[in-house]
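What follows is a short report on a single structure.
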Amino acid sequence: MISVFKIKSAIKNKVKQRKMNDQNKDQFEIRKEKLESFQSKNIEAYPNSYNKKLDAAEALRKEEGESVKVAGRIMSKRVMGGSAFCHVKDSTGKIQFYIRKNKVGPEKYNFFKEIDIGDFVGVKGELFITNTGEKTVLAEDMKLLGKSLRPLPEKWHKLQDTETRYRKRYLDILVNNDSSLLFKLRSRTISRIRSILEDKNFIEVETPMLQPIPGGAVARPFKTHHNTFDTDLFLRIAPELYLKRLLVGGWDRVFEIGRNFRNEGISTTHNPEFTMLEVYSAYTDYRFMMELSRNIISGVGEMIKEAGYEASVDLTNGWQEKNIWELMSKYTGIEFDPGDSFDELNKKADKLDIPPGKDSPEKVADRIFSKYVEPELISPTLVTGYLSKFSPLAKSSPEDERIAERFEIFIGGQEIGNAYSEQNNPLIQREIFTRQLKEKTAEPDFSDITEIDSDYIEALEYGMPPASGLGIGIDRLIMLLTGAESIREVILFPMLKPLR
RNA sequence: GGGCCCGUAGCUCAGAUGGCAGAGCAACGCCCUUUUAAGGCGUGGGUCGAAGGUUCGAAACCUUCCGGGCUCACCA
């Protein structure tokens, strides 16, 4: 039944595809014909290289009268009979060139007229200033470096359609400067985080993304299969358990920036693959990570300022530490206590218009927190007081066994990170894993998970130093820094339904 | 998965109550040697997301499907 439907729709698509091409015919076909005519005239439309001398931005810093050689994509073309102005764009910006028939001769000029917006060209010539004051290259020669067969989005309104912007991100970053800047800022942010950690003698490592038993978080994993070993593997949901194996091996300060994969819902704050920073530091507890996360986030905040951006929230000042139970009491007006039973919690939830039900108490508390407290946590807030029983990889506080040595970072009403003192007692860890497994396998979604990661427990049995760990969601951090409304705006190629 | 909204030319968008599918940019032709959203004259371009239905007549109304956005739920 399914296959019949699929075949039908596949046929429809073939037909549609052909029609799409027909629709493009005008501009696409015309450009293809130009390409063919170039080839017949022995003009190479796709040369292998070009000896570009200067980026656009560099060329613009040169003086009037100096000779420059630049290259890029033609973004605009204004022809006035025997002369024309074009803007050429490379990764550093745009520069204008001016080409004149009586300067380059009729043959070259006519060739220039064949060149389309979107084509890559190289231009050399002297700089001059136009009547309207723009530094411009007076072309002595122009070379085609790459023919474009499809028209670019419109120059004034640019590319607006959200879906097309995500699916054809190359067009988005080409014509929408804001988008291009955002992703460059993302890159710089990650590189800044890296340098902050390296300065503190953390070393960057890479751990497996293909794991036999996905651990380090609770989430539905993606499943895959390795042919040679004929074994099922999972895409990691977190690198945590591998990074802590490195602590066992004596590497005291490690971090990883990389992709995690969670087979769950997609929303404005969730992409199935997302980038996490995880940091581990031996001989420290979660207090150390409070300091470190502040260093990282305010460091990034400073960089943003230096780059001329303004983060929507002050990331340097106003940091505070708050207890989750006090926060919940404050923002709901109902007293909450870590000792609350499931029943009591449900009753309070009911008063707050939160559906109670068969869920675990953690979920109920989390719902209350998400609805009433989270949106209020605008300036950076380190939230403590999480229950040990819902922090399976964290150590409990020596003062109160019920409470984990753990905090989460909230900024701009969003969870940005999570940190705790790491559980290094192999006996306790095994017990917790075993209990978790029983609970998990009761749910159909986790039926693939049939055993605990005893390899990890074995590592712990060799002895792991006391340590603290921190995880920061990079995508959400970037959202915060740029004020992006959706995680898709900060991921170059976000997950979309494949077009059939 | 539920609710609301969107899909019209390569791009950006108009098309009240059903009556011959439009504009700007881009393209093509002509004019134009300092323009910059260049300008002037002219031309071509559409299975109105898809399929059914209602109707004398559907881009518009109804149903289903496809894709997207927001939101709730699920979920860190």
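Just so you know, these numbers come straight off a predicted model, no measurement behind them.
When the nucleotides B:G68, B:C11, B:C28 are ranked by their closest atom to the side chain of A:Leu159, B:C11 comes out on top. Minimum atom distance to the side chain of A:Thr268 is reached by B:C70, of the listed B:C70, B:C28, B:U12. Distance from the side chain of A:Ile117 is smallest to B:A27 among B:A27, B:U12, B:G67. Set against B:C75, B:C13, B:G68, the side chain of A:His270 has B:C75 as its closest nucleotide. Relative to the side chain of A:Met80, the nucleotides B:G68, B:C32, B:C75 differ in distance, and B:C32 lies closest.
A residue-by-residue look at A:Val79 and A:Lys103 shows that A:Lys103 has its nearest nucleotide of RNA chain B further toward the 5' end. Both A:Thr162 and A:Thr130 lie close to RNA chain B; mapped to their nearest nucleotides by heavy-atom distance, the more 5′-ward contact belongs to A:Thr130.
Only the P atoms considered, B:C61 is 34 Å distant from B:U43, to the nearest whole Å. Separation of the P atoms belonging to B:G7 and B:C13 is 11 Å when rounded to the nearest angstrom. Distance noted for atom P between B:A14 and B:U55: 32 Å (whole Å). Nucleotides B:A9 and B:G24 are separated by 12 Å at their C1' atoms, to the nearest Å. Between B:C20 and B:G57, the two C1' atoms lie 11 Å apart (nearest whole Å). Comparing the C1' positions of B:A26 and B:G44 gives a spacing of 13 Å, expressed to the nearest Å. Comparing B:G3 with B:C62, their P atoms sit 16 Å apart, to the nearest whole Å. Rounded to whole Å, the separation between the P atoms of B:C56 and B:G45 comes to 33 Å.
Figure legend: A:Lys147 and A:Phe38 shown without cation-pi pairing, the cationic atom not lying both under 6.0 angstrom from the six-membered ring centre and within 45 degrees of its axis.
Regarding A:Ile487, its CD1 atom lies at a distance of 13 Å from the C1' atom of B:C75, rounded to whole Å. The interatomic distance linking A:Lys158 (NZ) with B:U12 (P) rounds to 13 Å, in whole Å. In this structure, A:Glu29 places its CD atom 17 Å from C1' of B:A26, rounding to the nearest Å. Per the geometry, CZ belonging to A:Arg31 stands 13 Å off C1' belonging to B:C28, to the nearest Å. The CZ-C1' distance, from A:Arg169 to B:G68, rounds to 14 Å in whole Å. We find that CZ of A:Phe97 is positioned 15 Å from C1' of B:U33, with the value rounded to whole Å. Note: CH2 (A:Trp156) to P (B:C11) measures 20 Å, nearest angstrom. Atom CZ of A:Arg165 is separated from atom P of B:G7 by 18 Å (rounded to the nearest Å).
At least one side-chain nitrogen or oxygen of A:Arg167 sits closer than 4.0 Å to the OP1 or OP2 atom of B:G68. The shortest distance between the side-chain N/O atoms of A:Ser76 and the OP1/OP2 oxygens of B:U35 is not below 4.0 Å. For A:Arg367 and B:A73, the shortest distance from a side-chain N or O to OP1 or OP2 is not below 4.0 Å. Residue A:Lys113 places no side-chain N or O under 4.0 Å from the OP1 or OP2 atom of B:U33. Using a 4.0 Å cut-off, some side-chain N or O of A:Lys497 falls inside it from OP1 or OP2 of B:G67.
Nucleotide B:A16 forms no Watson-Crick or G-U wobble pair with any nucleotide shown, as no partner meets the under 3.5 Å limit on both distances. In this structure, B:G57 forms no base pair with any nucleotide, since neither Watson-Crick nor G-U wobble geometry is met with both distances under 3.5 Å. Remark: B:U63 base-pairs with B:A51. Criterion, Watson-Crick or G-U wobble with two distances under 3.5 Å. Applying the Watson-Crick and G-U wobble criteria (two distances, each under 3.5 Å), B:G24 pairs with B:C11. A 3.5 Å limit on both hydrogen-bonding distances identifies B:G69 as the Watson-Crick or G-U partner of B:C4. Of all nucleotides present, none satisfies the Watson-Crick or G-U wobble test against B:U33 with each distance under 3.5 Å. With a cut-off of 3.5 Å on both pairing distances, B:G45 has no Watson-Crick or G-U wobble partner at all.
Between A:Leu382 and the choices A:Lys322, A:Met290, A:Arg294, A:Gln320, the side chain to side chain contact (heavy atoms under 4.5 Å, CB included) rule is met once, by A:Met290.
Contact annotation: side chain of A:Gln27 to base of B:A26, donor-acceptor pair present below 3.5 Å. One cannot find a donor-acceptor pair under 3.5 Å joining the base of B:C11 and the side-chain atoms of A:His157. Taking only distance into account, the side chain of A:Gln96 meets the base of B:U35 through a donor-acceptor pair shorter than 3.5 Å.
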Given the rule in the side-chain contact (heavy atoms from CB on, under 4.5 Å) test, do A:Lys395 and A:Tyr286 qualify, once you have shown the distances and angles that lead to the verdict?
-> CA-CA 10 Å; A:Lys395 280 179 125 173; A:Tyr286 76 128; over 6 Å; no
Between A:Ile297 and A:Ile472, does a side-chain contact (heavy atoms from CB on, under 4.5 Å) hold up when you go through it step by step?
-> CA-CA 10 Å; A:Ile297 290 169; A:Ile472 292 181; 4.3 Å; yes
Give the C-alpha distance, both sets of side-chain angles, the deciding distance and a yes or no for ring-ring contact (aromatic ring centres under 6.0 Å, His included) between A:Tyr98 and A:Phe85.
-> CA-CA 5 Å; A:Tyr98 178 53; A:Phe85 285 94; 4.3 Å; yes
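Here A:Phe128 lies in heavy-atom contact (under 4.0 Å) with a base. A:Glu154 comes within contact range of at least one nucleobase, with a heavy-atom separation under 4.0 Å. In this structure, A:Lys77 reaches neither bases nor backbone, as no heavy-atom distance under 4.0 Å exists between it and the strands shown. Nucleic acid contact for A:Asn102: base, since at least one base atom lies under 4.0 Å from a heavy atom of the residue. Residue A:Glu415 is in base contact, counting any heavy-atom pair closer than 4.0 Å across all strands shown.
Residues A:Lys34 and A:Glu114 are not paired through a salt bridge, judged by the lack of any N-O separation under 4.0 Å between the basic side chain and the carboxylate.
Nearest heavy atom pair, residue A:Lys103 against residue A:Glu140, reads CE-CG, 3.9 Å. Across A:Glu489 and A:Tyr166, no two heavy atoms sit closer than the pair OE2-OH, 2.9 Å. Taking both residues in full, the closest heavy atoms of A:Ile474 and A:Arg186 are given as CG2-NH2, 4.2 Å, listed atom of the first, atom of the second, then distance.
In B:A16 the base sits syn relative to the sugar, since the glycosidic angle is no further than 90° from 0.
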